[in-house]
Amino acid sequence: MTMDLALTPAEEEFRAEARAWLAAHVPAEPLPSLETAEGFAAHRAWERELHGGGWSVVSWPTALGGRDASLTEWLLFEEEYYAAGAPGRVSQNGINLLAPTLFAHGTAEQLARILPPMASGETIWAQAWSEPEAGSDLASLTSRAERTDRDGGGWLLTGQKTWSSRAAFADRAFGLFRTDPTAERHRGLSYLMFPLDAEGVTVRPIGRLDGKPAFAEIFLDQVFVPDADVIGEPGQGWRAAMSTAGNERGLTLRSPGRFTAAAARLRHLWEHHGSPGDTATAGRVADAWIRARAYQLAGYAAASAPDDPQAAVPSSMNKLFWSQLDIDLHETALDLLGPGTAEITEGLPESTWLDGWIFALAGPLYAGTNEIQRDIVAERVLGLPRGR
Amino acid sequence: MRFLPDQDHLAYTSTVRRLLEDSTPVRTARAWAAGDHAPGRALWRALADTGLPALAVPEEAGGLGWYPPELAAAFVEIGRAAAPGPLVETVALTAALHDGKLLTGEHLATVTDPAAGYAVDAHAADAVYTLTPTPPPALHAATPTGPALPSVDPTRHLVRCTPGDPVVADTRRLSDLCTLLTAAQLLGLGRALLDSSVEYVRHRKQFGRPVGSFQAVKHQLADAAVGLEFAQPLLHGAALAVRGDAAADPRDLPAAKAACSQAALTAARTALQVHGAIGYTDEYDVSLLLRKARALAQAWGTTRTCHEAVLAAP
């Protein structure tokens, strides 16, 4: 069976169905910013509509609201989604981070209880990983969960989490807590879920770099979590979290479709705003297209053998690649828009480029900084000695 | 969709790789640079015995079929080994001419890169051609008329040629195949540079520990590795475009050339930096690979012309 890029009739049909649904449903005007209370509500309503069409979680089993889509079909859906200019996904933390962990380590009861409302946007999840003193060195975290016999048994969470995106608007959160105070670093951590409106939880919004209240600190004071909301075995949280960390850094967090759509829009912008003699900018536009295409083709290769890790680019390499591409692509667009237009944050159709740039700037920081990713590539892919 | 090499493709690639590893390609390259072409010709005949040029010729014309992905994979290995000679041009001319002596590896041939106006290694080839790109591209038998000018890659010499009689040839894919195989060679060069750098920094100690344990060194190598990793799928896409697949995107060919050039040059600069002064010596292989990468980055499509081609496509 020789190498090819031809879609099967079923894949073509899937793509056509997604395209038709999106063409009929994607809002004509962009929704208000996801990073504000008003925008958050509008994006939650969009998740409901997406779910109604059966498109919110295409790769999940049908019984949980998905379509059992293959990785190739998921890639095609993402291409169509972003090419259609559809809204950002307010459910992304739940769908990209929590759901893969539940599929790998959750109980049947947890899957049935947690995933359907995640798919419909009824429950929106925030992540609670970083702490004031535990950023890149996540394993040094100190927020703790203490054993309690209350309400049939569970845990009491105490501590502080920070840099939690959209926690000010979200419903529930998941994160790692120290359940064994005598164990050090990666040992003795547990993966727990808790409601953001529970007694003892205080969420304090933090203005993001552009002033939008999209970040938050979460203060926890004796917050009760029943045993049913522990994922995997207590004390095994690090393994559960890291076994799916690849999802966060890899293809699924920022799908190739996002970048191929943005590169096509950049090319369009070049055709309308570029000057023919400006070969330097033309080169940057072409380079963005080339890198987006490389990421797309790497995704197709991974999807061609989903059970063969050798076929996929290591997730840390993916993250380094798309996070830099995202910034370069948006900076090129802003340079093309030129004086005036490029700095106006609201009210112009072109303002979405500035939003995209602000969002892209966070790429090398979240989900493990790019320095951490380079360490991982050097040590685990290239086999260099450990050490900093 | 199955966008991965199949078993036959992988088996063929490892045959070529083993053959090159078992020969002494760098010594062969240095001999070629010094004007001794015999070891280079012998190596090419051995590569031809694996069916390499025949993968560019249909069965009815005495070849094995039209296999650009497998050819590209073989040229990644040729690049990794820094094998000398006008091998890209020879394979592309085999595809255009279906010539028996080219098919067996007995002859080497070369053709002018229209953008450069020179034919590489025309002084060492059995047959020389000029290519006029105006559609349809025209191939003429040619005579070397200038001196063999030294290239930054010591194994290459550039020669001006005068066109003679036109020859009947299928020139549709000639230039594209040269671009594809040059991109493949660059990817192989970049991999060789990365591999030798990783090996070096694991063993070279300063301040009492391997220099490869320092983040400043690690991070440069990680970035070089990322560039090479993402050039590979573009090269596969380019090979399918050259094969003529309906589902392929013709932009993948210039995209692959630009990406492989950039990845190889980044790997070369990184290799030089992490090797330190020893990499700057003529004797050490890093310099040979680095200089070849610089030359090939300009051959059969510069980054600028590739960028133009990417933007010009509908």
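What you see is a predicted model, and the numbers here were worked out from it, not measured in a lab.
Between A:A294 and B:F230, the closest heavy-atom pair is CB-O, 3.4 Å. Closest of all the heavy-atom pairs between B:F3 and A:S304 is N-OG, 2.7 Å. Scanning all heavy atoms of the two residues, the minimum distance from B:A248 to A:L5 falls at CA-CD1, 4.3 Å. Residues A:A378 and B:A222 come closest through the heavy atom pair N-CB, 4.4 Å.
Both the backbone and the side chain of B:H219 come within contact range of chain A, judged by heavy atoms closer than 4.5 Å. Contact annotation for B:L240: only side-chain heavy atoms (C-beta onward) come within less than 4.5 Å of a heavy atom of chain A. With a 4.5 angstrom heavy-atom cutoff, A:D308 does not touch chain B via any of its atoms. Contact annotation for B:R251: both backbone and side-chain heavy atoms come within less than 4.5 Å of a heavy atom of chain A. For B:Q262, the part lying near chain A is the side chain, with the backbone staying farther off; criterion is any non-hydrogen pair under 4.5 Å. Looking at A:R267, the atoms closer than 4.5 Å to chain B (heavy atoms on both sides) all sit in the side chain, from C-beta outward. Residue B:D249 touches chain A through both its backbone and its side chain, counting heavy-atom pairs closer than 4.5 Å. For B:A258, the part sitting under 4.5 Å from any heavy atom of chain A is the side chain, from C-beta outward, and nothing else.
At most 12 non-hydrogen atoms from other residues, nucleotides or ligands lie less than 6.0 angstrom from CD of A:E133. Other residues, nucleotides and ligands contribute over 12 non-hydrogen atoms within 6.0 Å of the CZ atom of A:F77. For A:R185, the CZ atom sits in a packed shell: over 12 heavy atoms of surrounding residues, nucleotides or ligands are nearer than 6.0 Å. Around the CD atom of A:E13, the shell of radius 6.0 Å holds no more than 12 heavy atoms that belong to other residues, nucleotides or ligands. By the neighbour-count criterion of 12 heavy atoms within 6.0 Å, atom CD of A:Q310 is sparsely surrounded, having that number or fewer from other residues, nucleotides or ligands. Residue A:R15 places its CZ atom among more than 12 non-hydrogen atoms of other residues, nucleotides or ligands, all under 6.0 Å distant.
Note on B:T303, B:D8, B:L221, B:D252: by heavy-atom pairs under 4.5 Å with chain A, the leading option is B:D252. By number of non-hydrogen pairs under 4.5 angstrom with chain B, the leading residue of A:V381, A:T72, A:L382 is A:L382. With respect to chain B, the highest number of heavy-atom pairs below 4.5 Å among A:R291, A:Q324, A:E379 belongs to A:E379.
At least one side-chain heavy atom of B:E229 sits under 4.5 Å from a side-chain heavy atom of A:P314. Side-chain contact between B:R304 and A:T279 is present, with heavy atoms from C-beta onward closer than 4.5 Å. Between A:I290 and B:H307 there is a side-chain heavy-atom pair separated by less than 4.5 Å. A:T8 places none of its side-chain heavy atoms less than 4.5 Å from the side chain of B:M1. Here the side chains of B:L4 and A:M3 are not in contact, with every heavy-atom distance at 4.5 Å or above.
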Exercise for the section: Test A:R388 against B:S213 for side chain to side chain donor-acceptor pair (under 3.5 Å), laying out the working first. Expected result: CA-CA 6 Å; A:R388 303 196 164 84; B:S213 67; over 6 Å; no

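Taking a cutoff of 4.0 Å between a charged side-chain nitrogen and a carboxylate oxygen, B:R2 and A:D4 do not qualify as a salt bridge. Using a cut-off of 4.0 Å between Lys/Arg side-chain N and Asp/Glu carboxylate O, B:K218 and A:D375 are scored as not salt-bridged.
Distance CD/B:Q215 to CG/A:L384: 12.0 Å, rounded to 0.5 Å.
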